Amino acid sequence: VAGGDLEARTLLGGTDELGQLAMSFDQMVGALKDNQSTIEHNLQELKQRERDLAITLNSIGDAVVATDAEGRVIRMNPIAERLTGWSFVDASMRPLSEVFPIIDATTRLPIPNPVDEVLATGKVVYLSNHTTLIDRAGNEHQISDSAAPIRDTDETIQGTVLVFKDVTEQYELREKAKDAQKQLQVLLNNM
């Protein structure tokens, strides 16, 4: 039994003290075997759930980053890896503020990390239209995003989920349209 053989049984029987001890030992080994089977079954179910979660996360069209209750990265999908420039392996357990630095596109000032606000308030947080993500290589991406709490069954906040997408093209088009509108207004005023 000490070596892991849960099929082993004592060969002792009888009603004396040694026989009762042997019977109790055999029952204990049987219970251990049942527990081991249950643990192995639960482990297989857990592995299957993990695979299903990974497939689902990787199938989402937006970038997704999940954090624990301290704001450290615990999951990322491939789109989040591409936009942040961080692989999940490198980002794992790092503070989100390190992996997800954001600034205001207009003022160029840092924007507070939305995860901190979610963890403090327990409410969904949306970022403004002028949010710029600076990836690991220093490239800038205009993003739109939201962060929401991940709650346990008892409503305790277990972490956050941040969902964002690259809206750089739309942002640039909007800015060009604003510039064209301003130029047109100047022309009309001059006329």
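As the structure is a computational prediction, the values presented were derived from the model and not from experiment. Note that these values count all heavy atoms, side chains included, but never hydrogens, waters or copies made by symmetry.
The environment of Glu17 atom CD is sparse: at most 12 non-hydrogen atoms of other residues, nucleotides or ligands sit within 6.0 angstrom. Enclosure of atom CZ in Arg51 by more than 12 non-hydrogen atoms of other residues, nucleotides or ligands within 6.0 angstrom is indicated.
Across all their heavy atoms, Leu162 and Pro114 have their closest contact at CD1-CG, 4.0 Å. Of all heavy-atom pairs spanning Ile111 and Leu127, the tightest one is CG2-CD2, 4.2 Å. Gln142 and Asp166 make their closest contact through O-OD1, 3.2 Å (heavy atoms, listed as atom of the first residue, atom of the second, distance). Nearest heavy-atom pair, Val99 versus Ala91, reported as atom, atom and distance to 0.1 Å: CG2-CB, 3.8 Å. In plain terms, the two heavy atoms of Met93 and Asp68 that are nearest each other are CE-OD2, 3.6 Å. Pairing each heavy atom of Ile157 with each of Ala69, the nearest pair is O-CB, 4.0 Å.
Counting only heavy atoms from C-beta outward, the side chains of Ser87 and Asp90 approach each other to under 4.5 Å. Between Leu46 and Asn42 the shortest side-chain heavy-atom distance does not fall below 4.5 Å. With contacts defined as side-chain heavy-atom distances shorter than 4.5 Å, the pair Asp135/His141 qualifies. With contacts defined as side-chain heavy-atom distances shorter than 4.5 Å, the pair Thr156/Arg151 does not qualify. Here the side chains of Met76 and Thr84 are in contact, with some heavy-atom distance below 4.5 Å. In this structure, the side chains of Arg82 and Ile79 come closer than 4.5 Å at one or more pairs of heavy atoms.
Identified under the ring pair (Phe, Tyr, Trp, His ring centres under 6.0 Å) test for residues 95-121, with sequence neighbours left out: Phe100-Phe164. For residues 34-88, the set of pairs meeting the ring pair (Phe, Tyr, Trp, His ring centres under 6.0 Å) definition, not counting sequence neighbours, is empty.
Using modelled atom types, one finds no donor on one side chain facing an acceptor on the other under 3.5 Å when comparing Asn77 with Glu81. Residues Ser97 and Asn113 have side chains that never bring a donor and an acceptor to within less than 3.5 angstrom of each other.
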Go through Glu117 and Lys123 one step at a time and tell me if the salt bridge (charged side-chain N to carboxylate O under 4.0 Å, His left out) criterion holds.
-> CA-CA 8 Å; Glu117 187 175 341; Lys123 296 179 181 177; over 6 Å; no
How far apart are the C-alpha atoms of Ile103 and Leu109, what are their side-chain angles, what is the distance that settles it, and do they pass the side-chain contact (heavy atoms from CB on, under 4.5 Å) test?
-> CA-CA 5 Å; Ile103 62 171; Leu109 296 173; over 6 Å; no
Going through the checks in order, is the side-chain contact (heavy atoms from CB on, under 4.5 Å) test met by Leu119 and Thr160?
-> CA-CA 7 Å; Leu119 292 172; Thr160 62; 3.7 Å; yes
Begin from the C-alpha positions of Thr132 and Glu140 and carry the test side chain to side chain donor-acceptor pair (under 3.5 Å) through to its verdict.
-> CA-CA 6 Å; Thr132 301; Glu140 296 186 4; 4.8 Å; no
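In this structure, CG on Asp104 lies 5.0 Å from OG1 on Thr106, to the nearest 0.5 angstrom. Atom-to-atom distance recorded for Glu50:CD and Leu43:CG is 11.5 Å, nearest 0.5 angstrom. Between the CD1 atom of Ile74 and the CG atom of Leu96 there is a distance of 11.0 Å, given to the nearest 0.5 Å. A distance of 6.0 Å separates OG1 in Thr131 from CD1 in Ile143, rounded to the nearest 0.5 Å. Note that OG1 of Thr67 and CZ of Arg94 are 15.5 Å apart. Values are rounded to the nearest 0.5 Å. For the atom pair CG of Asn139 and CG of Leu83, the computed distance is 11.0 Å after rounding to the nearest 0.5 Å.
Distance alone, capped at 3.5 Å, is enough to place a donor-acceptor pair between the Ser24 side chain and the Gln20 backbone. In terms of modelled atom types and a separation under 3.5 Å, the side chain of Arg75 and the main chain of Val161 share no donor-acceptor contact.
Glu70 pairs by the salt bridge (Lys or Arg N to Asp or Glu O under 4.0 Å) definition with Arg72, not counting sequence neighbours.
Note on Val163: it clusters hydrophobically with Ile150, by side-chain heavy-atom contacts below 4.5 Å among ILVMFWY residues. If you chain together hydrophobic residues whose side chains sit under 4.5 Å apart, Met28 and Leu6 fall into the same group. Under the 4.5 Å side-chain heavy-atom criterion for grouping Ile, Leu, Val, Met, Phe, Trp and Tyr, Ile102 is connected to Val65 within one hydrophobic cluster. Side-chain heavy atoms closer than 4.5 Å link hydrophobic residues (I, L, V, M, F, W, Y) into clusters, and following such links, even through other members, never connects Val118 to Val124.
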